[in-house]
Amino acid sequence: MTTSNTTPEPGRFDAASADPRWQAAWDAAQTFKADDASAKPRSYVLEMFPYPSGRIHIGHVRNYTMGDVLARTKRMQGFEVLHPMGWDAFGMPAENAAMEQGVHPGGWTRANIASMKAQLKRLGFALDWSRELATCEPDYYGHEQALFLDLYAAGLVYRKESAVNWDPVDMTVLANEQVIDGRGWRSGALVEKRKLSQWFLKITQFADELLDGLDSLDKWPEKVRTMQANWIGKSQGAELSFALSDGAQLDVYTTRPDTIFGASFVAVAADHPVALAAAARDPAAATFIALCKQGGTTAAEVETAEKLGFDTGLTARHPFTGAALPVTIANFVLMEYGTGAVMGVPGHDQRDFDFASKYGLPIVRVIAASAEVADEPLTEAAAGDGICVHSDFLNGMSVAAAKAEVIARAEGEGWGAGKTVWRLRDWGVSRQRYWGTPIPFIHCEICGVVPVPKKQLPVVLPEDVDFKTPGNPLERHATWKHAPCPQCGKPARRETDTLDTFVDSSWYFLRFASQPGDQPFDRAAIAKWLPVEQYIGGIEHAILHLLYARFWTRALAHIGLIDVTEPFASLFTQGMVTHETYSRSEEWLDTLLNSGEPAKIVEWFAPTEIYKRGGKAFLIKDDQEVAIGRVIKMSKSKKNVVDPDAFITDYGADAIRWFMLSDSPPERDLPWSVAGLEGCARFVQRLWRLFGQYDPTVQGTDQGLDRQVHKTIAAAAEDIAALGFNKAVARIYDLANATEKAAPSASRSAAIRTLLLLVSPMMPHLAEEAWAQIGGAGLIADAAWPPVDPALLVEDEVTIAIQVLGKLRDTITVAKGLPREELEALALASDKVQRALDGKAVKKVIVVPDRLVNLVA
RNA sequence: GCGGGCGUGGCGGAAUGGUAGACGCCAGGGACUUAAAAUCCCUUGAUCUUUGAUCGUGUGGGUUCGAGUCCCACCGUCCGCACCA
């Protein structure tokens with residue numbers, strides 16, 4: 001079933017020859033070039049740009065096919081569409097390749113871009129390639145440096161000492177996900193925490209805006225908005241100051257000031273100054289702190305970790321009762337959140353409850369459903385709402401009122417205040433890496449940290465670097481880091497950190513709208529094109545990329561460079577492409593570890609290594625049966641990946657595109673199957689034969705077919721606008737089936753022509769070929785979406801369901817708009833209905849006009 | 001633990017509270033053919049006493065003339081976050 005390497009049969013659509021021919025025709029005519037000066041309404045359709053890993057994977061194909069259908073449909077519907085493509089081209093895989101294969105990251109990346117671009121072209125995407133950009137080129141990252149300097153001038157960039165994961169063997173900084181069980185993923189060396197002076201972006205300054213802005217994003221998935229809101233993590237409470245027995249003050253943060261009468265201890269984080277002071281005078285405290293730091297941070301470890309404390313011997317004076325509360329160092333208090341110190345209220349916080357139970361501290365109920373149950377004992381922390389009890393002047397107050405009262409008193413007496421705390425941290429953007437945007441600063445011993453003057457931008461990465469020795473090549477480059485200070489001219493040192501690649505992807509959608517040489521973007525062009533009308537990408541970017549892009553857009557608006565605040569009006573997160581797995585497993589008794597537990601050794605096989613017969617899978621090499629496993633996300637380790645390129649060759653771009661749109665709703669996972677793809681290829685051929693029957697000379701109308709044609713046009717347009725591609729596909733199948741069966745008529749020829757237009761965004765190559773054959777004017781890519789005749793959307797006959805007691809007993813086909821009485825009479829006239837009634841009297845009749853009659857007996 | 005999504009034939013799925021299973025895949029039967037491929041036609045939720053009937057959308061309740069759809073409780077599953085005070 002391959003069309004490659006074989007002479008095309010007559011009467012068959014030959015994708016191998018048609019696909020490249022039409023791709024070349026679109027290129028030559030610059031069909032998909034967006035016109036900035038167009039008077040048409042605009043639509044900016046964008047898919048998340050890919051990292052140039054070397055090969056397009058099937059997830060890209062699905063993502064870009066969806067965007068492409070939308071972009072092509074919008075074009076047909078009269079919009080000036082901007083549908084660009086670029087490359088998120090900086091990042092670690094290029095450096096890894098450099099280390100492993102001895103190639104230059106730039107050469108490796110650019111070669112990957114070239115081959116992936118060729119793959120995208122083979123799929124026939126309607127992209128404006130004139131706006132292609134790669135973030136690794138100076139004409140992109142130079143502008144990024146300029147924007148970084150603008151943000152610096154506006155006070156949104158600063159430097160701060162911060163801890164990093166340091167691999168002492170590779171002499172490099174590791175991202176958190178590169179640290180596996182405390183060891184470097186590549187070297188296996190124990191990772192150290194090191195303090196380095198690093199660059200930060202003040203995203204926290206926009207925390208409120210970024211949170212409130214989520215409310216305006218009503219075309220974003222609820223899930224993504226919730227994830228972002230949780231990430232920003234706004235909590236409202238109070239910062240309260242406790243007087244310590246040694247004369248010092250200790251500030252704690254709480255969201256529950258209303259429970260202050262239930263406080264029975266105060267706890268500080270292991271690295272809190274109070275804890276460090278305790279360690280200085282007491283070696284046992286120092287030992288305990290060291291123990292706390294050993295604790296793991298994985299979910300399972302945190303879940304099961306026992307609450308541990310160390311009494312400092314200090315006490316804190318309760319601001320209302322004057323009670324002396326013990327001050328302990330606790331392993332469950334985080335220095336990074338709030339003030340790094342908490343008041344322990346065991347009755348109403350589960351962690352405090354566990355802690356108090358272990359160390360025998362008082363557990364007092366201060367919130368109860370009512371005053372009557374104020375003394376009901378607690379078996380666990382009570383988190384629910386209620387009124388205050390055992391709380392002096394708060395007694396009887398609601399939680400909300402008590403919060404306000406405690407804050408008011410604290411403020412009045414000067415020992416506390418209401419405070420909002422955010423989970424969001426400022427964004428550390430320094431990376432001690434070569435393959436990224438150089439941070440445009442110079443360190444001068446006299447002048448300090450000096451920005452590179454804009455006219456000296458871009459600060460270009462040196463080409464002559466080697467990766468044979470570990471560490472940052474920029475750091476050890478012979479000349480690159482030596483630069484004169486822009487202020488005093490004395491020899492100084494260039495910043496050798498580069499920017500996090502998330503910075504590159506935080507503004508690329510702006511650069512697509514216009515690409516002036518002398519500035520990052522043209523403000524007027526951005527006002528014209530932005531916000532992106534429809535952004536499509538994977539759920540894995542729900543938080544970081546999308547939050548950073550929103551932040552950059554707001555920050556650039558804040559400093560007056562652009563006029564939009566939200567970059568993506570509508571967001572769609574598409575599901576993954578999945579595949580069954582094939583494996584063979586053997587169980588071994590694990591005697592080495594002496595556990596006596598059988599260990600499973602699993603061997604995985606790629607789809608290309610097996611064949612299927614009778615619903616079972618066998619290995620090609622030895623005909624052994626293998627187990628067919630669950631349908632899961634494609635991954636290299638499970639070997640269930642498929643390479644789209646081979647399938648494009650065998651089945652043509654249109655069959656793959658059609659498959660990507662069929663069956664599964666786009667937000668859900670799509671199980672890849674060759675059988676399904678073959679079905680799509682068959683449909684391509686079926687349509688080709690149908691299109692070949694187009695005959696404009698035949699006379700006569702077929703009103704039923706006319707109606708279905710116009711209903712399909714209207715419904716498919718709605719489905720595509722809502723990204724319900726699977727539904728649009730089903731309707732097109734329906735219409736194709738009906739058209740095939742219809743007798744020749746002018747209506748049938750019109751149906752064929754309409755069908756051709758409807759499938760053209762999805763199967764553009766087949767559509768162009770058939771369009772040319774039936775004598776359509778120009779390219780079908782430039783044709784208009786077929787108009788709908790509203791008169792044909794109205795049925796004149798309807799099928800009415802007849803129910804007895806809600807159960808379907810019969811259906812009748814009648815003229816539309818029949819009055820209730822007539823419908824009732826017709827229903828009662830039915831034999832089947834009479835049989836179902838079985839002589840019982842009808843007590844009530846429900847008539848839904850043009851829909852159903854329900855007889856209640 | 002918290003938050004969110006999803007449970008419908010062998011499979012992917014469709015269905016403004018109103019005819020459950022559209023459409024596709026798989027499977028089975030037939031036609032054409034020397035044969036195969038391709039193509040076309042038919043069948044295809046389950047059960048039964050099969051001109052028809054009964055059951056059927058994870059489970060148990062409820063609202064309604066009528067529930068896959070709404071409400072309550074539960075089960076399963078997937079995803080995200082997580083010692084965030």
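So you know, we letter chains A, B, ... as the sequences are listed, proteins then strands, and number each from 1.
With C1' as the reference atom, B/rU8 and B/rG13 are 9 Å apart, rounded to whole Å. Comparing B/rA14 with B/rG7, their C1' atoms sit 16 Å apart, to the nearest whole Å. Nucleotides B/rU39 and B/rC32, compared at atom C1', are 9 Å apart to the nearest Å. Remark: the separation of the P atoms in B/rU57 and B/rA46 is 15 Å, to the nearest Å. When the C1' atom is used for both B/rU19 and B/rC74, the distance is 32 Å, rounded to whole Å. Only the C1' atoms considered, B/rG56 is 8 Å distant from B/rG45, to the nearest whole Å. Nucleotides B/rG5 and B/rA85 have their C1' atoms positioned 29 Å apart, rounded to a whole Å. For the P atoms, the distance from B/rU64 to B/rC11 is 36 Å, rounded to whole Å.
For the pair A/M335 CE and B/rA85 P, the interatomic distance rounds to 16 Å; values are reported in whole Å. Counting to the nearest Å, the C1' atom of B/rA67 and the NZ atom of A/K807 are 14 Å from each other. Across the protein-nucleic acid pair, A/L808 atom CG and B/rG17 atom P stand 20 Å apart, rounded to whole Å. Rounded to a whole Å, the NZ atom of A/K419 is 13 Å from the C1' atom of B/rC84. The nearest whole Å value for the distance from the CD1 atom in A/I539 to the C1' atom in B/rC81 is 13 Å. If you take NZ of A/K741 and C1' of B/rC41, they are 10 Å apart, rounded to a whole angstrom. The NZ atom of A/K633 sits 10 Å away from the P atom of B/rC79 (whole-angstrom rounding). Whole-Å rounding puts the A/Q685 CD to B/rA37 P distance at 17 Å.
The ring of A/F265 has its center closer than 6.0 angstrom to the ring center of A/F355. Ring pair A/W422/A/Y337: centre-to-centre distance not below 6.0 Å. Between A/Y733 and A/W658, the ring centre distance stays below 6.0 Å.
The side chain of A/R423 has B/rC81 as its nearest neighbour among B/rU39, B/rG52, B/rC81. The side chain of A/P665 has B/rG13 as its nearest neighbour among B/rG80, B/rC83, B/rG13. Here B/rC65 is the nucleotide among B/rG80, B/rG13, B/rC65 with the atom lying nearest to any side-chain atom of A/V856. Side-chain proximity of A/T811 to B/rU19, B/rA85, B/rC40: nearest is B/rU19.
A donor N or O paired with an acceptor N or O is not found under 3.5 Å between the base of B/rA85 and the side-chain atoms of A/R256. Side-chain N/O atoms of A/R851 and base N/O atoms of B/rU16 include a donor-acceptor pair closer than 3.5 Å.
Annotation: cation-pi geometry not satisfied between A/R12 and A/W688 (NZ/CZ under 6.0 angstrom from ring centroid, within 45° of ring axis).
A search for ring pair (Phe, Tyr, Trp, His ring centres under 6.0 Å) contacts involving A/H318 returns A/F261, not counting sequence neighbours.
Screening A/T739, A/V759, A/I713, A/T712 for a side chain to side chain contact (heavy atoms under 4.5 Å, CB included) with A/T754, the sole residue that qualifies is A/I713.
When base pairs are accepted only as Watson-Crick or G-U wobble with both N-N or N-O distances under 3.5 Å, RNA chain B takes part in stems of 3 or more pairs at B:1-7 with B:75-81, B:10-12 with B:23-25, B:27-31 with B:39-43, B:45-48 with B:52-55, B:58-62 with B:70-74.
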Quiz item: Using a cut-off of 4.0 Å between protein heavy atoms and nucleotide atoms, how would you tag nucleotides 22-31 of chain B 5' to 3' with B, S and -?
Solution: BSSSS-----
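A side-chain N or O of A/D426 and one of A/T204 form a donor-acceptor pair less than 3.5 Å apart. A side-chain donor-acceptor contact under 3.5 Å links A/Q228 and A/R550. Counted by atom type alone, A/N737 and A/R686 present one or more donor-acceptor pairs between their side chains at under 3.5 Å. Under the 3.5 Å distance criterion, with hydrogens and angles disregarded, a donor-acceptor pair is assigned to the side chains of A/S241 and A/D251.
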Under 3.5 Å, which protein N or O atoms sit close to an N or O of nucleotides 4-8 of chain B? Give each pair with its distance.
none

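The list of salt bridge (charged side-chain N to carboxylate O under 4.0 Å, His left out) pairs with a residue in residues 710-733 of chain A, not counting sequence neighbours, reads A/K711-A/E795, A/D719-A/R731.
Between A/Y548 and A/W427, the ring planes are parallel. Angles under 30° get that label, and only those over 60° would be called perpendicular.
Nearest-nucleotide positions on RNA chain B place A/K844 closer to the 5' end than the other of A/T254 and A/K844. Between A/E740 and A/G806, the residue anchored closer to the 5' end of RNA chain B is A/E740, taking for each the nucleotide with the nearest heavy atom.
Less than 4.0 Å separates RNA chain B from at least one heavy atom of each of the following residues of residues 336-345 of chain A: A/Y337, A/V342.
Remark: A/D663 CG to A/N726 CG distance equals 8.0 Å, nearest 0.5 Å.
Taking the charged nitrogens against the carboxylate oxygens, A/D215 and A/R225 have no contact shorter than 4.0 Å, which rules out a salt bridge.
Within the 4.0 angstrom heavy-atom criterion, base atoms lie near A/V848. Among the heavy atoms of the strands, none lies under 4.0 Å from A/R225.
Nearest approach of A/H579 to A/N640, heavy atoms of both residues: O-ND2, 3.2 Å. In terms of heavy-atom proximity, A/A655 sits nearest to A/C680 at O-CB, 3.6 Å.
In this structure B/rG9 sits in the syn conformation; its chi angle is within 90° of 0.
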